[in-house]
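As the structure is a computational prediction, the values presented were derived from the model and not from experiment. Proteins get letters first, then strands, A, B, ... in listed order; numbering begins at 1 in each.
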Amino acid sequence: ACEITLRSSDTHPDGYPTVEAVKHMGALLQDRSDGRICIEVFHSAQLGEERDTIEQTRFGVIDLNRVSMGPFNNLVEQTKVVSLPFIFRSVDHMHRVMDGPIGDEILAAFEPHDLIGLAYFDGGSRSFYNSQRPIESFEDMAGLKIRVMQSDIFVDMMTAMGASATPLPYGEVYSSIQTGVIDGAENNWPSFESSGHYEVAGYYTLNEHLIVPEVLVMSKQSWDGLSADDQALVRQAARDSVPVMREMWAAREKASEDQVRAAGVQIITDIDKTPFIEAMVPVYEKHVTSDELRDLVMRIQATE
Amino acid sequence: MQQRMIGIAGLLGLLARGALWVAGIALVAMTALVAAQVFARYVVGAPLTWTEPTSILLMGWFILLGAAVGTREGYHLSFDVLLMVLPQRIVRVLHSVSDLVVAGFGAGMAWFGFELLTRTWTASMPTLGLPGGVAFIPLTLSGVLIVIFSAERLARRAAGLKTARFGDEVTEE
Amino acid sequence: MELYVLFGTFVFLLLIGTPVAFCLGVASFATVVYLGLPPLVVFQRLNSGISVFALMAIPFFIYAGDLMVRGDIARRLVALAGALIGHLRGGLGQVNIVASVMFGGVSGSAAADASAVGGLMVPQMKERGYGADYAVNITVVSSIIALMLPPSHNLIIYSISAGGRLSIADLFTAGIIPGLLLALSLMVAAWIVARKRGYPTEPFPGLRMLGVLFVSALPGLILVAIIFGGVRSGVFTASESSNIAVVYALFITLFVYRSLPWGEFVAATMGAVRTTAMVLLVIGCAASFAWLLAYLKVPTAIVDFMQGVSDNPILILLMINLALLMLGTFMDMSPLIVITTPIFLPVAQAFGVDPVHFGIILILNLGIGLCTPPVGAVLFVGCAVGRISIWEAVRTIWPFYLAALVTLMLVTYIPALSLWLPAQFR
Ligand code: NA
Ligand code: NA
């Protein structure tokens with residue numbers, strides 16, 4: 001019955017809020033197009049890791065893609081700004097910025113790279129966990145070997161905080177913390193829980209160094225194949241999936257937090273973020289390189 | 001005809017040797033890099049961030065160059081059960097069909113590898129800062145070599161010379 | 001229809017003798033063109049398929065294996081095994097198996113094991129009056145032990161194929177008891193066949209000689225301890241352990257044994273490049289093939305099918321075992337791990353099988369496939385080493401197949417064989 005089936009990729013497993021949000025978007029779309037347009041979600045990185053599926057989306061192999069900002073940093077430079085540590089004061093602040101004109105401006109920046117930015121999803125806030133000691137102050141970071149993703153901003157951030165940035169494939173993080181190859185890593189509540197890392201890293205410090213939105217993009221080639229009316233339907237369905245996603249995210253975050261707490265992980269909540277933020281000055285200087293980006297940083301910081 | 005083919009084969013043999021040497025050097029360099037990574041992290045206590053992506057790039061070089069030489073030397077794994085029961089005349093035709101198919105795929109590697117290279121050039125690689133397209137150089141190059149080496153096999157067979165196949169010698173040699 | 005294009009092209013090319021890697025690549029290419037998708041996705045998958053850090057374990061272990069063979073480490077291990085158990089019935093046959101336990105503990109590659117241990121043992125066995133078929137049979141089947149004992153790069157490939165969430169250290173540990181169990185059942189089979197055929201035993205060389213051989217083989221044995229201990233104590237990660245094996249093998253052969261001249265070093269390096277390129281090109285092309293399987297939703301269809309047939313886990317596991325054994329007879333190991341893990345692991349998990357346990361079942365299964373015609377890389381190596389035809393080897397191999405199958409059934413239906421040991425390390 002579906003005339004148009006949009007194939008969508010996600011690296012998260014089935015049931016994860018972002019996967020469910022795109023499924024919800026599909027249901028809305030099917031309903032509003034009288035069954036003409038459907039979405040098929042390929043979860044669990046079935047079609048490849050984010051870096052690969054971004055290329056596939058740009059080349060028109062797949063239609064939709066839910067991706068984190070990190071892999072875009074070297075392609076769409078505006079995404080670097082929202083990937084900076086402590087750029088957002090809170091998750092609410094991030095929502096207000098991305099729901100407003102600044103968010104639209106960044107979505108539009110994808111188009112020259114053959115991508116249509118449709119909507120922002122949540123990636124929660126990321127914090128440090130480790131197996132060695134409770135991190136209660138900035139000084140406690142010194143010398144810890146923390147796993148980072150292969151991303152320039154991440155490596156520089158970790159170094160500026162005095163830790164040893166250790167790149168490592170995600171699949172080896174669990175056993176590497178267990179055996180002491182590294183001391184810890186950083187992530188949000190759901191990933192800290194679902195990766196099982198909380199079983200081997202007993203200290204979680206809610207310093208919330210990163211609040212990075214995720215983005216749903218569409219292939220420009222697929223987009224251009226739709227009529228203007230259908231384009232509007234797709235865009236609206238994507239927007240309408242956002243509140244649903246946020247609700248599911250909050251529930252998931254709570255469930256993960258409960259499970260981690262029940263396992264006896266020591267959670268450090270009252271940490272002074274100021275020295276962390278101050279340490280980021282050189283990171284900002286290095287990565288915010290143009291007047292345009294500097295202006296973007298200022299406008300985000302000025303957003304109430 | 002045969003004499004001339006043997007002359008060309010000599011030249012292409014040099015090309016294959018060169019490719020194999022580049023591949024061998026990439027393997028040794030990769031060994032050194034990963035060892036340095038362990039050393040820096042465990043002994044010096046200062047992890048290196050560039051060794052992992054660099055060794056992945058090197059791995060692409062030696063796999064793909066080695067694979068191209070493999071089409072010439074015939075060490076790729078194949079399934080020769082049906083060929084054992086067929087008459088020699090038909091087997092020769094099927095071998096040539098295979099070589100054509102391999103050449104076609106090599107052409108695809110070269111053509112689309114180059115397209116991937118140009119289209120990902122603007123995105124830079126994290127931690128290394130190289131253009132993203134660099135990752136596709138060995139793929140493109142290997143495709144070109146596979147076309148050349150497959151053409152050589154077809155020409156050798158036409159000239160009545162032997163072409164090596166998997167199982168002709170122990171692969172671990 | 002797309003599936004007919006994909007599998008039809010693959011099977012046709014396979015039958016006419018096109019190299020397996022290209023069968024996978026061209027079948028994917030044909031299907032992508034048929035679907036009207038941009039063909040460059042095939043080559044992107046190929047390139048990403050081989051750009052995975054953990055895959056580095058394959059070249060490293062193959063390289064280490066080549067260095068150990070050329071630099072005299074393997075020969076000394078075999079000599080020690082000979083002194084240890086040569087006096088058992090079937091003498092050199094038993095030695096062959098125990099040598100695979102020792103060498104397998106450092107190489108992780110069945111093909112390397114078959115060529116290293118087989119290359120040393122088969123000529124000796126023939127000389128001492130053992131049938132060439134017996135020598136080759138034991139060489140071939142006992143090399144599966146190398147896949148099960150740590151380090152096993154195939155378990156690393158499995159962990160990647162399972163989504164990279166499984167602890168490689170746990171997988172390594174899980175393989176130990178099943179690997180030793182396999183060695184034990186092969187030794188029983190070797191004993192029975194040897195008794196029937198009236199094969200000789202070797203005299204026990206005396207404790208003094210045993211000590212000498214032990215000291216001479218010690219550097220090779222220490223490698224086992226370094227790799228396993230290094231991974232378990234956090235000096236390096238599981239995939240880095242393969243690199244340490246190379247560095248250590250180089251160190252021993254260059255400075256301790258002084259047994260590796262420049263020419264042999266170059267030959268070992270080029271040999272490793274050739275073998276690795278062969279294996280990893282298959283993995284790269286299998287990545288394109290697997291992408292299409294996912295795109296065409298094949299795994300989901302198979303899960304639905306199996307769940308429709310039965311809801312009994314014992315039966316499902318038997319079905320999966322049969323399917324894997326069949327696939328294993330005509331395809332090579334690493335592409336099969338990459339292709340079948342995303343298909344069968346969800347099924348197994350849906351029936352409550354632990355993913356670590358499933359990994360061991362998968363490897364043992366596909367390992368048996370390496371020893372069976374028509375496509376069995378290890379069987380080919382064994383036959384080449386023993387200079388006998390595949391038919392001659394296979395005619396008398398069944399007692400050893402049987403021993404391997406009994407082990408497979410025990411490992412499948414007694415999860416504790418795989419899961420007890422890793423639990424002790426937690
Ligand atoms: Na092993
Ligand atoms: Na053996």
Winner by heavy-atom pair count (cut-off under 4.5 Å) against chain C, out of B/G24, B/G108, B/A23, B/G113 = B/G108

Taking all non-hydrogen atoms of both residues, which atom of B/A67 and which atom of C/A277 are closest, and how far apart?
-> N-CB, 3.4 Å

Which word best sums up how the rings of B/F112 and C/F43 line up, parallel for under 30°, tilted for 30 to 60°, or perpendicular for over 60°?
-> parallel

Please examine the side chains of C/V52 and B/M59, heavy atoms only from C-beta on, and report whether any two atoms are closer than 4.5 Å.
-> no

Counting only heavy atoms closer than 4.5 Å, note whether C/L46 contacts chain B via side chain, backbone, both or neither.
-> side chain

Part of B/F105 lying under 4.5 Å from any heavy atom of chain C | both

Could you give me the CA-CA distance, side-chain angles and deciding distance for B/I146 and C/F22, then say whether side-chain contact (heavy atoms from CB on, under 4.5 Å) is met?
-> CA-CA 11 Å; B/I146 287 176; C/F22 293 94; 4.0 Å; yes

Under 4.5 Å between any side-chain heavy atoms of B/V28 and C/Y63, yes or no?
-> yes

Quick one: does B/Q37's side chain get under 4.5 Å of C/F236's, heavy atoms only?
-> no

Given the options B/G70, B/A35, B/G60, which has more heavy-atom pairs under 4.5 Å with chain C than any of the others?
-> B/A35

If you round to the nearest 0.5 Å, how far is OG1 of B/T120 from CG of C/L40?
-> 9.5 Å

Give a yes or no on this: more than 12 heavy atoms of other residues, nucleotides or ligands lie within 6.0 Å of atom CZ of B/F114.
-> no

With chain C, the option among B/V91, B/L94, B/V93 that has the most non-hydrogen atom pairs under 4.5 Å is B/L94

Heavy-atom distance under 4.5 Å between the side chains of B/V34 and C/I244, does that happen here?
-> no

Proximity breakdown for C/L13 and chain B, heavy-atom pairs closer than 4.5 Å | side chain

Flag the one option from C/V42, C/L15, C/T276 with the top tally of heavy-atom pairs under 4.5 Å to chain B.
-> C/L15

Starting at CG of C/N47, measure out to OG1 of B/T140 and round the result to the nearest 0.5 Å.
-> 8.0 Å

In terms of heavy-atom proximity below 4.5 Å to chain B, should C/C285 be classed as side chain, backbone, both, or neither?
-> side chain

Take B/M30 and C/N243 through the test side-chain contact (heavy atoms from CB on, under 4.5 Å) and record every step on the way to the result.
-> CA-CA 9 Å; B/M30 192 178 91; C/N243 176 270; over 6 Å; no

Would you say C/F265 has more than 12 foreign heavy atoms packed within less than 6.0 Å of its CZ?
-> yes

So with a 6.0 Å cut-off around CZ of C/F251, is the heavy-atom count from everything else above 12?
-> no

Close side-chain approach of B/W111 and C/P39, heavy atoms under 4.5 Å = no

C/V246 versus chain B, heavy atoms under 4.5 Å apart: side chain, backbone, both or neither?
-> side chain

Cut-off 4.5 Å, heavy atoms of chain C, and the answer for B/T71 is side chain

About how many Å separate CZ of B/F136 and OG of C/S51, when rounded to the nearest 0.5 Å?
-> 8.0 Å

Heavy-atom side-chain contact between C/V282 and B/H76 under 4.5 Å | no

Pair count under 4.5 Å, heavy atoms only, with chain C: among B/L65, B/D99, B/L83, B/I90, highest is B/L83

Would you mind checking which part of B/A135 comes under 4.5 Å of any heavy atom in chain C, side chain (CB onward), backbone (N, CA, C, O), both or neither?
-> both

Rounded to the nearest 0.5 Å, what separation is found between the NE2 atom of B/H95 and the OG1 atom of C/T18?
-> 10.0 Å

d(B/E73 CD, C/M278 CE) to nearest 0.5 Å is 12.5 Å

Greatest number of heavy atom pairs closer than 4.5 Å to chain B - which of C/C23, C/P19, C/G284 | C/P19

B/S98 to C/G17 - nearest heavy-atom pair and separation | OG-C, 3.6 Å

Would you give the length of the straight line joining atom CZ of B/R17 to atom CE of C/M270, rounded to the nearest 0.5 angstrom?
-> 6.5 Å

Kindly determine whether C/L280 and B/L64 satisfy side-chain contact (heavy atoms from CB on, under 4.5 Å), including the steps that lead there.
-> CA-CA 9 Å; C/L280 286 178; B/L64 290 163; over 6 Å; no

Taking the side chain as every heavy atom from C-beta outward, state whether B/W21 and C/V266 have any atom pair closer than 4.5 Å.
-> yes

